[in-house]
Number of protein chains: 2
Amino acid sequence: MSKQTPAPSLTDLNAGMPCCAPISEQRIPAETAAVLAPAFKALGDPVRLQLMSMIASASAGEICVCDLTPAFELSGPTISHHLKTLREAGLVDAERRGTWVYYRARPGIMRQLASLLDVGIPASV
Amino acid sequence: MSKQTPAPSLTDLNAGMPCCAPISEQRIPAETAAVLAPAFKALGDPVRLQLMSMIASASAGEICVCDLTPAFELSGPTISHHLKTLREAGLVDAERRGTWVYYRARPGIMRQLASLLDVGIPASV
DNA sequence: CGTCTGCTTCGACATGCGTCTAGGTTGACA
DNA sequence: TGTCAACCTAGACGCATGTCGAAGCAGACG
């Protein structure tokens with residue numbers, strides 16, 4: 001045990017807390033892996049990766065489900081299911097305003113995941 | 001169609017090629033998502049995330065399977081299976097030297113994944 | 001050559017995941 | 001109030017995945 005970067009909660013991650021050293025510098029504790037793996041898992045589907053990209057790159061900072069669904073050849077419920085997965089992974093937030101539901105990205109956790117994968121030196125292969 | 005960042009192959013990624021704009025800047029094309037999602041998927045399991053971390057942070061740049069297996073309460077075949085998953089995702093390389101097999105990380109693809117998640121501005125939530 | 005050890009592959013099983021259709025819930029609007 | 005549209009939830013089905021024990025393969029070492 002002792003002084004590694006401790007296991008953060010999903011809330012911590014979304015609060016924008018610094019979390020973990022890059023995996024190339026320090027071995028991840030089991031608890032941290034258990035917390036972060038679901039986020040990677042959520043991105044591990046092509047449809048969700050595209051959804052995440054569309055949401056994160058939306059010019060207004062948010063995007064309507066009604067703009068997401070027609071971008072795929074999938075049923076509405078299936079898209080809804082994938083959005084729920086992203087929500088439960090803490091990657092996006094949803095808000096209903098009138099008839100439509102809008103999704104926006106949570107930059108905090110994405111930054112955490114990115115820094116975890118960071119290799120530091122931008123060197124060769 | 002037209003001038004987005006085109007779909008890269010896994011080989012490109014491991015060759016260290018710059019690949020894709022961050023998903024917060026540009027929507028990922030379907031082909032790119034199809035290529036990158038398996039890498040995230042491979043990291044979407046706590047055991048594999050820890051394995052990846054142990055491999056990437058190995059002081060010698062590589063680590064013996066015989067050092068990985070006892071770190072988990074899982075059977076040898078199960079660890080071997082997870083390592084195969086990481087190999088097929090292009091995240092690690094394996095090399096047999098004498099009795100033991102050594103694994104090392106492929107920094108190229110990890111950098112690609114990290115930059116894909118990059119949110120740019122290190123700002124608030 | 002025989003045997004032992006380290007790792008992978010094989011076959012099997014339970015669980016999880018992606019997808020669908022059908023049905024519910026919430027809000028807009030006449 | 002009634003009706004319509006947008007979105008989510010529920011239930012079901014087939015395929016993928018995580019896990020194991022048993023068997024196979026490759027080097028080391030007498």
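To find a chain, count down the sequence lines: A is the first, B the second, and so on, and within it residues start at 1.
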Engineer: Show me the protein contacts with nucleotides 10-17 of chain D, counting only N or O atoms at under 3.5 Å.
Structural biologist:
unit_1, atom_1, unit_2, atom_2, d
D:dT17, OP1, B:Lys41, NZ, 3.0

Engineer: Walk along DNA chain C from 5' to 3' and tell me the first and last nucleotide with an atom closer than 4.0 Å to a non-hydrogen atom of chain B.
Structural biologist: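 Counting from the 5' end, contacts occupy C:dG6 to C:dT9.
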Engineer: Is it true that A:Leu86 and A:Leu68 fall in one hydrophobic cluster, defined by side-chain heavy atoms closer than 4.5 Å?
Structural biologist: yes
Engineer: Taking the side chain as C-beta and beyond, is there a heavy-atom pair between B:Phe72 and B:Met54 under 4.5 Å?
Structural biologist: yes
Engineer: Please determine whether residues A:Ile28 and B:Val47 belong to a single hydrophobic cluster, defined as Ile, Leu, Val, Met, Phe, Trp and Tyr linked transitively by side-chain heavy-atom distances below 4.5 Å.
Structural biologist: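 Both belong to a single hydrophobic cluster.
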Engineer: Taking only N and O in the side chain of A:Ser80, is any of them less than 4.0 Å away from OP1 or OP2 of D:dC8?
Structural biologist: yes
Engineer: Under 4.0 Å between any heavy atoms, over every strand shown, what does B:Ile79 touch: base, sugar-phosphate, or nothing? Just pick one.
Structural biologist: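 Nothing: the residue B:Ile79, judged by heavy atoms under 4.0 Å, touches no strand.
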Engineer: Check this for me: does any side-chain nitrogen of one of A:Asp93 and A:Arg106 sit under 4.0 Å from a carboxylate oxygen of the other?
Structural biologist: yes
Engineer: Can you tell me if A:Arg96 uses its side chain to pair, donor with acceptor, with the backbone of A:Gly98 under 3.5 Å?
Structural biologist: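 Pair found, side chain donor or acceptor close to backbone of A:Gly98.
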Engineer: Hey, could you give me the CG/CG distance between A:Asp118 and B:Asp118, rounded to the nearest 0.5 Å?
Structural biologist: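 The distance works out to 8.5 Å.
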Engineer: Are A:Ile55 and B:Ile23 close enough that some pair of their side-chain heavy atoms sits under 4.5 Å apart?
Structural biologist: no
Engineer: Using a 4.0 Å cut-off on heavy atoms, which residues in residues 94-104 of chain B reach DNA chain D? List them by number, or say none.
Structural biologist: B:Gly98, B:Thr99
Engineer: Please name all residues satisfying side chain to side chain contact (heavy atoms under 4.5 Å, CB included) with A:Thr69, sequence neighbours left out, ordered by chain then number.
Structural biologist: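 So A:Thr69 forms a side chain to side chain contact (heavy atoms under 4.5 Å, CB included) with A:Val65, A:Ile79.
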Engineer: Could you list all the salt bridge (Lys or Arg N to Asp or Glu O under 4.0 Å) pairs where at least one residue sits in residues 73-87 of chain B, not counting sequence neighbours?
Structural biologist: none
Engineer: Please report the distance, rounded to the nearest Å, between CG in A:Asp67 and C1' in D:dA6.
Structural biologist: 13 Å
Engineer: In whole angstrom, what separates B:Leu86's CG from D:dG18's P?
Structural biologist: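 Rounded to whole Å, this separation is 10 Å.
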Engineer: Out of curiosity, does B:Leu91 fall in the hydrophobic cluster containing B:Tyr102 (side-chain heavy atoms, cut-off under 4.5 Å, transitive links)?
Structural biologist: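 In one cluster with B:Tyr102: B:Leu91, no.
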Engineer: Let me know the distance between NE2 of A:His82 and P of D:dC7, rounded to the nearest Å.
Structural biologist: 17 Å
Engineer: Using residues 56-64 of chain B as the side-chain source, report each donor-acceptor pair under 3.5 Å to any protein atom, sequence neighbours left out, with the distance given to one decimal.
Structural biologist:
unit_1, atom_1, unit_2, atom_2, d
B:Ser57, OG, B:Ser53, O, 2.7
B:Glu62, OE1, B:Arg104, NH2, 2.8
B:Glu62, OE2, B:Arg97, NH2, 2.5

Engineer: Round to a whole Å and report the spacing from CG of A:Leu68 to C1' of D:dA6.
Structural biologist: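 In whole Å, D:dA6 C1' lies 13 Å from A:Leu68 CG.
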